[in-house]
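Below is one structure, written out as structure tokens, with a few remarks after it.
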Amino acid sequence: MPVQCEEVGRVLTASVSGEVDHHAAKALMSELGRRVDAALPGRLELDMRGVTFMDSSGIAVVLRAWKRMRQLGGSMTLRAVPPQAAKVLKAAGVDKLIAWDE
């Protein structure tokens with residue numbers, strides 16, 4: 001699962017692409033965790049425009065990143081969430097916890 005990261009100031013933008021399913025979730029969680037721990041950003045922007053499919057495993061990926069940012073005293077924003085992924089995340093109430101920028 002490709003993750004492209006860009007750091008500007010204290011903002012880390014992580015662009016995710018491909019399928020976020022049970023096959024990719026563990027590697028994605030690990031990579032995002034590693035990138036966040038290396039950068040220690042004040043805000044994580046998770047750009048999801050390249051996500052082609054998401055199942056419930058994607059909810060765990062997003063919530064783990066959100067939890068880590070809270071532990072660091074930072075914030076997180078979801079950006080450009082595709083309709084299918086948005087449906088999965090909203091069904092779980094993630095849009096009530098995490099800032100959402102469509």
Side-chain angles (χ1 to χ4, degrees):
M1 155 123 332
V3 178
Q4 300 288 329
C5 290
E6 179 182 355
E7 190 176 352
V8 178
R10 296 218 41 228
V11 177
L12 177 66
T13 301
S15 300
V16 179
S17 60
E19 295 185 0
V20 182
D21 59 12
H22 69 281
H23 296 292
K26 186 174 181 179
L28 181 55
M29 279 187 215
S30 178
E31 180 67 12
L32 279 174
R34 189 175 65 75
R35 296 290 185 109
V36 167
D37 287 345
L40 299 174
R43 186 171 76 237
L44 171 63
E45 294 182 354
L46 192 57
D47 186 323
M48 301 180 72
R49 76 186 72 238
V51 173
T52 56
F53 174 80
M54 177 180 280
D55 66 12
S56 60
S57 300
I59 297 167
V61 170
V62 170
L63 290 178
R64 181 171 287 182
W66 173 72
K67 181 178 177 183
R68 182 64 184 132
M69 288 306 300
R70 287 190 53 166
Q71 289 171 341
L72 294 172
S75 63
M76 181 172 156
T77 302
L78 296 177
R79 299 211 179 278
V81 182
Q84 188 273 329
K87 186 176 180 179
V88 170
L89 293 168
K90 287 180 179 180
V94 171
D95 58 323
K96 306 232 183 327
L97 296 173
I98 301 172
W100 198 283
D101 185 13
E102 298 181 42

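Side chains are part of it too, since the values below use all heavy atoms of this structure and drop only hydrogens, waters and symmetry mates. Computed from a predicted structure; not experimentally measured.
Transitive grouping of hydrophobic side chains (ILVMFWY, heavy atoms separated by less than 4.5 Å) brings Met29 and Ile98 into a common cluster. Under the 4.5 Å side-chain heavy-atom criterion for grouping Ile, Leu, Val, Met, Phe, Trp and Tyr, Val11 is not connected to Val62 through any hydrophobic cluster. By the rule that hydrophobic residues join a cluster once side-chain heavy atoms approach within less than 4.5 Å of another member, Leu63 and Val61 end up as members of one cluster.
Paired with Leu12 under the rule side chain to side chain contact (heavy atoms under 4.5 Å, CB included), one option of Leu46, Leu32, Leu40, Val36 passes, and it is Val36. For the side chain to side chain contact (heavy atoms under 4.5 Å, CB included) test with Trp66, the passing option among Arg70, Arg68, Arg64, Met69 is Arg70; the others fail. Shown are Leu78, Thr77, Val81, Asp47; of these, the side chain to side chain contact (heavy atoms under 4.5 Å, CB included) with Asp101 is made only by Thr77.
By the neighbour-count criterion of 12 heavy atoms within 6.0 Å, atom CD of Gln84 is densely surrounded, having more than that number from other residues, nucleotides or ligands.
For the atom pair Lys67 NZ and Leu72 CG, the distance stands at 12.5 Å (nearest 0.5 Å). Taken to the nearest 0.5 Å, the CZ atom of Arg49 stands 11.5 Å off from the OG atom of Ser17. Taken to the nearest 0.5 Å, the NE2 atom of His23 stands 9.0 Å off from the OG atom of Ser57. For the atom pair CG (Asp55) and CD (Glu19), the distance works out to 9.0 Å, reported to the nearest 0.5 Å.
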Leu89 and Asp95: side chain to side chain contact (heavy atoms under 4.5 Å, CB included), yes or no, with the steps? CA-CA 7 Å; Leu89 293 168; Asp95 58 323; over 6 Å; no

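Met48 approaches Pro82 most closely through the heavy-atom pair O-CD, 3.2 Å. Here the shortest heavy-atom pairing between Ala92 and Ile59 reads CB-CD1, 3.6 Å.
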